[in-house]
Each structure stands twice: as structure tokens, then as C-alpha cells.
Amino acid sequence: MVLRQKPEKVEERERIRLSLLRATVMLAARHGFAGLGLREVARGADIAPTSFYRHFADMEELGLALIDELIGPLLARWNELANAPSPDPRSPLYALIDQALQSTRDEPELMRFVLAERVGAVPTCRIALHKKLDQLAEALRPQLPPSRPARGKREDSTLDAVASAAVTLLLQGCADSLELVDDDMEGRARVRRQLDLQLRRLLSTRSDADE
Amino acid sequence: MNEHVRALYEAHVAHELAESRAHTFETRVDTLASEVFDWLDDIRLDELITPAQVMGVIERFVIAMRISGGITELAGQMSQTVFRSPVTTETRLDELLPYENYRDYADKVESLQGAQREVLRLITETRAFRALLTRALASSAVLLLAPREDGEQGRAGPFTNARRKLGRELGEKLEERLSRYFEQRALSLARRAAQQAEMLLEPETLRAIADELWDAIGSMRLSALFSFLTVSDLEDFVVLSYETWLTFRKTAFFHETSVQVVDAFFAKYGSESVQALLEDMGVTESMVVDELRILFAPVLALAERTGLRERQIRQRLLRFYESEGLQALLPLQPAPSSSSSSSSGEL
């Protein structure tokens, strides 16, 4: 007879791991990730602080797991939509904008984490977040209109800069929508319009920047 | 494998199993321990292992190894078990630390006068201490001279009348002025406080404080002594200690001191026989034999009962009995009518 870890134990372990990640998101929204201690997070997840190490070696490892396991899937969905055909030809990023604002509404704390930690005090988390956001910028590149290579401009760096600016604008739109109360539909529509307009302007002026 | 070889194989397995039974294990341990200890008497420590190898072990297992989360969790749970144990509730401090031991510690602390003064100097020179001192002095002076903030009259004292005459408004102004006055003189006040505190460090005063402290806590039960601690605080201390250890083990200080300790250890024992080292550590042949018997005889018995031993023996012998070399050596003859093996295991 071979005894291995029981499936229910594995399941319980996964559940606690997720609780730790969720507790971190909630607490980081209030105090910032760098100010969080593992004891506080463990208590937030309703486990003994000494049990924290069963799941993560330290807070840095937890932060990286959070970015990978919670923020990763969220941004992956954004990446898909960045390339999806738009129902409105005048607004190429229609679906992406909608999804970004919806994500912000569904998971405001997670969005606060993204917004705060991309300029946060924990370098490893900052770098990991930037990598994820760079992937979004990369996914946005096909949406950018072709440049005029005949003029011999620096095509790649310009595209990168515009795609990166588009991501920054998108995140700023999410930050603006975080300030709205739940039933402020008018405010949401305003943020959406503003974001759409800004992104359209940015995408259309890329060629001008090349000149 | 033909029938004849199979019969031989089964007989061999049965023989090996009989050899490995617990009663033969004890005799084998005796023989092995005797041989090993004789051998260790002829072997120098630096022949067996080098300082670099020991440092390698320290680096891999003490400095770099990631400690399993199960261990920290267990440490937390075990400390809680001790904390909540009825023994902790019932045991008195002086049962664990008799007065004689406490007195020896107190004597030692009392003799470390240089250290006491240094600690005192470090404390009184901090800004936090100065701030605390000036605040305490200003508050005390105001309490003496001005009415209380809640309007309640204090008990009659030397300044009761003056306090009444001053009134609340004047009291607030006075507090402000006094605070400023004390703040400007914080440095000299702190020095004076340090001088006063040094008087406390006189051996007689210290001894009196230590004795009084013992009278207060010596007969206390551990649960009462640590009543300010909760299980949650205890967990925090385990985590804090663990985190401190994780940081400390990565420091250059820990690495350097480890190297020096290992070198010093080898300077003392490197050219000695391993047997001499074991003797110094209090490890004897009979102790090793006894512990091996106590620990391993039941484990081997369990391994045999659950079939692990038999499976191992079968796997080891099978390679030999299935080898072409053996088949070639054996004459072709009919297989025996019945197996001589007592084993019921299948191939």
C-alpha cells in the first residue's frame, strides 16, 4: 500500500493558497503591498502565521504568485481582446476598453494592486507586472496603423512607444473608473467615452509622430 | 528461469529472510558497531572528512536550503501545545529556575557594571528618551500646579491653592511654557537622569531590585507569568524568530564565523582519532548499539511484516537467478517435485 497526500488535502491546500492571494489583494488595496507583513496576510486568510510558509517562502514569492495567478489571467483576456475584431470600426479597441472597465468594476482591489504595484516599492513585483503589461502592449501593436517606412523612421521603437502609451491610457481609464460609485452609470459612460477618444487619437496620431 | 532455478531462488529468498529477522539484526548490530568503533580508533577526523566538506554541508543545509513550510507550521503548533498544556498552567517558575540559579544570574548581571552603564548611556542619549523625559516632567509640573483637564479636583496637596488660583486657561499656558522650557534643556536633563539612573546600578540597589523581583515572580505559575501573551502572540514570536534566522543565516557574519568555528574544531580534533572525538562528545559503542536496537529493530520488523524486506530481497536476487551465466552453469535436470521455499511470494 502506498500512502500519498489525500486529494482533499491537496484541495484544501489550494483553497488556502487562493485565500492568501485574495487576502493580500484586499489588504494591499488599503496599505500597499510593500507595507504588508506575512503575519497580517496569514490572519487575513484565517490561517496561523506559521502555516504561511507551507504555501510561500516569503511575501515576495506570494506577490509574484499573485501577479501570475490572479493578474495573469485577467490581462490574458485583455490581450485576446486587443486583437479581436471590433464591432465598431471607428473604435478598434472597443472590446478591450469594455473588458478593462468591466474588470475594474468586478475586481476593484485587484485593479488597485495593478495600478499601485507597477510603480510600487517591491522591485520583483514591479518587474513582473511590467512584463505582463508589456505583453498587452505587444498584443496592441497590430492595431496600430502602418507607418511610412519610406521616410526611414525608427518603426519599431515608435510602435513600442505608442503601444505602451495606449496601455498607460487604458490603466488611467481604469483608475478613473475606480473613483466612481457603483451606480454612477453616467460617470462610467463618460470614462468610457473619454478613454475611447484618447485611444483613438493616440492610434491615429502615431503616423504623425513618425514624420 | 526453469523450475530448478526457481526452486533455488525461492530457497535463497527464504534463507535471506531468515537471516534478516530481528533476532539476527541484534547480533549483526553488535558485530558491526564493534568493527566500526575499532576502525574509527585508527582513522583521523581529517581523513574521514575535511573542513571544506563540513562547510559544504553547512552551506547547503543551513544557509541555502529552503525550509519546508511543514516544519514552521509544526513549530507553531507544537509551541501552542506547550503553551496550552496543563503542565504550563501548573508549573511554577521556581520549579524550572530554582532561586540558586536565579541568584547566580543576578550575581553575574550585577558584576557586568561596564555593560550596564553602556546600555544606560545608549538609552539616555536617544531622542525618544529625551522627548519622553521632557513630556513627563512638563505633565508632572502641570498636574501639580494647574487644574485637571476634566475639571475634577485632585486631592489636597502642597500646590492645591495655587492650582485653584491659576485656573484652566492659565494652566494650559503654563504647560506650553514648561514644555518649551524642558525641551530646551532636554540634553542636560537627560544627562542628569542618566546620573540618577546610575545610582540604581550600585550593587546593593541592583541586588535589592533583583530580590524583590524574584519575590514577585518566583512563585508565579508559568500561565500567570505569561498571561499577557496569547496564542496568536506566540505564533508571531515563532514567525519573527524564524524570519530573523532566515536573514541571519545569509549574513557574511554567519558564514565567516561558521568557517572559523569549523577551522577551530578541526584544529582541535582534526589529527585526533574519530573515536577520541566521539568519546569527548560522550558517544560510546554501547550507547550506539542500544539506540540502534531500540530504533531500528521495530522498523525492520515492520518492514518484514509488510513485505518490504521480502520484495527487496527478491529484486536483488532475481537479477542473479535470471542471468544467462547462471543458466549456463547449471546442469539440465528435472525440477524437484516440491518447492523447499517457505515463502508465499510470487515472482
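Keep in mind that the numbers below use all heavy atoms, side chains included, and drop hydrogens, waters and symmetry copies. The sequence lines fix the lettering, A, B, ..., with proteins before strands; numbering per chain opens at 1.
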*Are side-chain N/O atoms of A:S103 and A:R77 paired as donor and acceptor at under 3.5 Å?*
no
*Would you call the rings of B:F253 and B:F248 parallel, tilted or perpendicular, where under 30° means parallel and over 60° means perpendicular?*
tilted
*Sidechain N-carboxylate O distance under 4.0 Å for A:R43, B:D236*: yes
*Non-hydrogen atoms of chain A under 4.5 Å away: do they reach the side chain of B:S79, the backbone, both or neither?*
neither
*Under 4.5 Å heavy-atom distance to chain B, tell me which part of A:I47 shows up: side chain, backbone, both or neither.*
neither
*Output the distance between atom SG (A:C174) and atom CD (A:E107), rounded to the nearest 0.5 Å.*
12.5 Å
*With a 4.5 angstrom heavy-atom cut-off, which part of B:L240 approaches chain A: side chain, backbone, both or neither?*
side chain
*Just give me the residue among A:G37, A:A57, A:A42 that pairs up with chain B most often, heavy atom to heavy atom, under 4.5 Å.*
A:A57
*Atom group of A:F52 that falls short of 4.5 Å from chain B, counting heavy atoms*: neither
*Is the ring centre of B:H12 less than 6.0 Å from the ring centre of B:Y321?*
yes
